Amino acid sequence: MSRTSIKKFSVVAGLFSFALIFFGSWSYGARVFSSFFRGLEGFAIFGLLTWLVLRGWIAIKSEERLGGDKDKGANLDQTA
């Protein structure tokens, strides 16, 4: 998964949460402006949460693929 696909997935999750919160608030009787701002908050929270989780997951996967410890054997080429 590349950085662009992580960003795209985060935007999709944010837009889905925006639509769900906006129309849910509006159908329960909130005004349009308050529903819009609630939707923006949902977009920010869930989009950012999705982005952070996916970035962390990719970092963990890349660390496992590299063999774990990056500093292992770093001092082997130094002489005494």
Side-chain angles (χ1 to χ4, degrees):
M1 187 175 278
S2 66
R3 289 183 182 201
T4 56
S5 61
I6 290 173
K7 289 178 185 176
K8 288 178 183 178
F9 194 83
S10 300
V11 168
V12 167
L15 287 175
F16 178 72
S17 66
F18 172 81
L20 191 67
I21 292 171
F22 174 77
F23 289 117
S25 296
W26 188 49
S27 67
Y28 276 105
R31 296 179 190 242
V32 175
F33 288 119
S34 62
S35 297
F36 179 76
F37 288 122
R38 287 179 188 167
L40 282 180
E41 290 173 359
F43 177 83
I45 290 170
F46 289 109
L48 183 65
L49 182 67
T50 304
W51 182 74
L52 288 173
V53 167
L54 289 177
R55 290 282 298 199
W57 182 53
I58 294 299
I60 290 171
K61 280 184 65 175
S62 67
E63 185 177 311
E64 289 174 356
R65 190 172 10 129
L66 292 176
D69 193 12
K70 294 180 183 177
D71 294 331
K72 185 175 181 181
N75 295 327
L76 292 178
D77 59 346
Q78 295 179 356
T79 58

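Bear in mind that the values here come from a model prediction, so they are computed numbers and not experimental data.
Formation of a donor-acceptor pair under 3.5 Å by the Ser35 side chain with backbone atoms of Arg31 is found in this model.
With a 4.5 Å cut-off on side-chain heavy atoms, Val12 and Phe9 do not count as touching.
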Side-chain polar contacts of residues 43-57 - donor-acceptor pairs under 3.5 angstrom, sequence neighbours left out - could you list them?
unit_1, atom_1, unit_2, atom_2, d
Thr50, OG1, Phe46, O, 2.7

Side-chain polar contacts of residues 15-26 - donor-acceptor pairs under 3.5 angstrom, sequence neighbours left out - could you list them?
unit_1, atom_1, unit_2, atom_2, d
Ser17, OG, Ala13, O, 3.3
Ser17, OG, Gly14, O, 2.8
Ser17, OG, Gly42, O, 3.1
Ser25, OG, Ile21, O, 2.9

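Take Ser27 and apply the side-chain hydrogen bond (donor to acceptor under 3.5 Å, both in side chains) test, not counting sequence neighbours, and it matches no residue.
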